[in-house]
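Okay, so here's the structure we're looking at.
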Amino acid sequence: MTTTKFTPLTQLAAWKSLEAHYPKVCELHLRKLFADDPKRGERMAMEAVGIYFDYSKHRITDETLKLLLQLAEESGLKSRIDAMFRGEKINVTENRAVLHVALRMPKGKSIFVDGEDVVPEVHTVLDKMAHFSDRIRSGEWKGHTGKPIRNIINIGIGGSDLGPVMAYEALRHYSKHELTFRFVSNIDGTDFAEATRDLDPEETLFIISSKTFTTLETMTNAHTARDWALKNLKDPAAVARHFVAVSTNAGEVAKFGIDTANMFEFWDWVGGRYSMDSAIGLSTMIAIGSDAFHEMLDGFHQMDEHFRTAPFENNLPVLMGLLAIWYNNFFGTETVAVLPYEQYLKRFPAYLQQLTMESNGKHVTLDGKEVSYQTGPIYWGEPGTNGQHSFYQLIHQGTKLMACDFIAFAQPLNPLGRHHDLLLANVFAQAEALAFGKTAEEVRAEGTPERLVPARTFEGNRPSSLFFLERLTPMALGKLVALYEHSVFTQGTIWGIDSFDQWGVELGKALAVRIISEIEKGSEVDLKHDSSTNTLIQRYQRSKEQGHGNKKPSVNSG
Ligand code: G6Q
């Protein structure tokens with residue numbers, strides 16, 4: 001493992017200046033900041049690769065920005081960006097290059113890993129995916145009994161599921177509507193049962209998406225899928241027509257019985273949560289077609305190039321990442337709410353939870369030292385306007401400060417009467433209400449009885465970003481995802497952590513393997529866990545041995 005030497009974050013001059021600067025800014029109200037600078041809303045905004053970014057409603061001054069940009073410089077962000085694009089092994093704990101940016105490099109460009117240009121192989125796989133998805137979409141690829149494929153089920157979990165689900169939902173407008181897409185991830189049998197309940201195995205294709213092809217959940221669901229398909233199709237030869245794999249592990253794919261000619265490859269320099277634009281996006285390509293998939297890749301690439309080349313003061317992901325640091329480390333906020341005003345982005349917050357929290361939920365630095373400051377915030381959210389009638393109360397009037405990311409599009413994909421005007425009026429209104437609130441005087445002036453004035457006052461000064469795009473297209477989605485990827489990298493670099501490993505998932509996995517064998521051995525087994533875990537396991541074993549209370553499961557006759 002390479003060790004990286006760097007000055008601890010809290011000893012950087014810019015960090016110290018920000019500590020001294022914070023008390024001056026934290027009392028400032030956005031009402032005053034806007035009143036003092038009538039052009040603030042125009043000045044503190046930028047546009048890059050078709051994304052308009054309004055950051056004027058943040059609790060910052062020009063001095064704050066200057067110091068944050070200095071922090072980015074002193075943290076060595078530029079050299080880390082260059083190292084990533086050069087294919088250096090910046091994932092130090094796994095000794096791997098981090099090259100999701102190579103997945104969207106146009107043909108003819110190069111990125112080298114261990115002396116080998118990886119871009120040509122990326123395009124070989126993309127071409128193979130295009131050929132396959134064209135055959136599915138046209139009906140040329142037939143199931144074992146000669147029927148065309150109508151249903152596509154992606155089986156995968158984590159990075160091999162969240163991207164495909166999110167992208168399918170986000171781009172559903174562009175999807176081939178004659179095809180049905182389902183996504184099975186959970187080890188809970190309900191996920192598989194409900195996904196397949198109404199489907200005909202003769203018309204169903206499973207994509208087994210697993211980088212390692214050893215993940216417990218995915219392999220369990222894959223075997224269940226094979227049993228489900230073969231129960232009907234009878235002939236083991238049917239597997240070749242109804243199962244394809246996306247993996248780095250050809251050996252395990254072949255062992256499962258999938259023809260490796262029907263395997264779509266990716267590489268260990270693609271992290272799971274950074275893989276939706278690799279072959280893991282096969283379901284996306286089948287849904288929207290290879291041309292639209294390439295448009296999405298182009299969107300990713302445009303943002304990559306912007307991140308790589310734009311000066312930090314005009315660099316969208318850098319500014320976004322720096323603002324996240326400002327709130328997380330100086331205001332002490334714990335969460336970021338992601339609020340897309342676009343129903344097709346309903347799974348975007350869930351996707352971002354993995355991207356952000358698996359990347360930056362770390363407590364040691366690249367040189368193995370415990371951090372003395374907060375790292376990754378909690379990301380969460382729901383589409384607007386739904387959230388307005390639910391948790392926005394806490395954002396407006398609760399005791400917790402958080403920054404919000406609003407995302408909106410000028411053009412509706414489904415124009416229906418006044419709907420889009422109402423949607424956009426709401427997103428603008430929410431950002432305005434959060435920033436400026438409503439003073440007690442304003443509430444009184446409305447004739448509100450004095451006893452209700454405190455409850456009806458809005459303090460305001462709640463910060464938000466607004467990302468405004470023209471239209472949700474495959475290209476726009478690529479830009480948005482890459483924006484968050486690079487903002488995460490910016491934050492991780494400043495915290496000096498490895499944003500590309502995920503050791504935190506290992507302990508629970510190992511313990512589960514031990515408990516599975518204990519559960520399956522039954523109550524005779526000598527349990528050596530703590531008294532809580534032992535009791536829980538025994539309780540489950542008793543229930544199981546008693547036939548779960550001998551209750552017959554209720555059967556859904558419908
Ligand atoms: C993502 C993680 C993790 C991974 C899943 C599935 O960055 O590595 O979410 O994607 O554990 O792994 P496989 O693709 O190997 O099944």
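All values below come from the heavy atoms of this structure, side chains included, with hydrogens, waters and symmetry mates left out. For ligands, and for the atoms within them, numbers begin at 1 and follow the listed sequence.
- For an aromatic pair to be called close, the ring centres must be under 6.0 Å apart, and His100 with Phe300 fails this.
- The number of heavy-atom neighbours closer than 6.0 Å to CZ of Arg347, taken from other residues, nucleotides and ligands shown, is 12 or below.
- Ion pairing between a basic and an acidic side chain is recognised when a charged N comes within 4.0 Å of a carboxylate O; Lys211 and Asp268 show no such pairing.
- Between Asp304 and Arg308 there is no salt bridge, since none of the side-chain N atoms of the basic residue sits less than 4.0 Å from a carboxylate O of the acidic one.
- Remark: Asp127 engages Lys107 in a salt bridge, criterion side-chain N to carboxylate O under 4.0 Å.
- Between atom CZ of residue Phe500 and atom CG of residue Leu99 there is a gap of 10.0 Å, rounded to the nearest 0.5 Å.
- For ligand 1, the protein residues within 4.0 angstrom (heavy atoms only) are Ile157, Gly158, Gly159, Ser160, Ser210, Lys211, Thr212, Thr215, Gly272, Arg273, Gln354, Glu358, Gln502.
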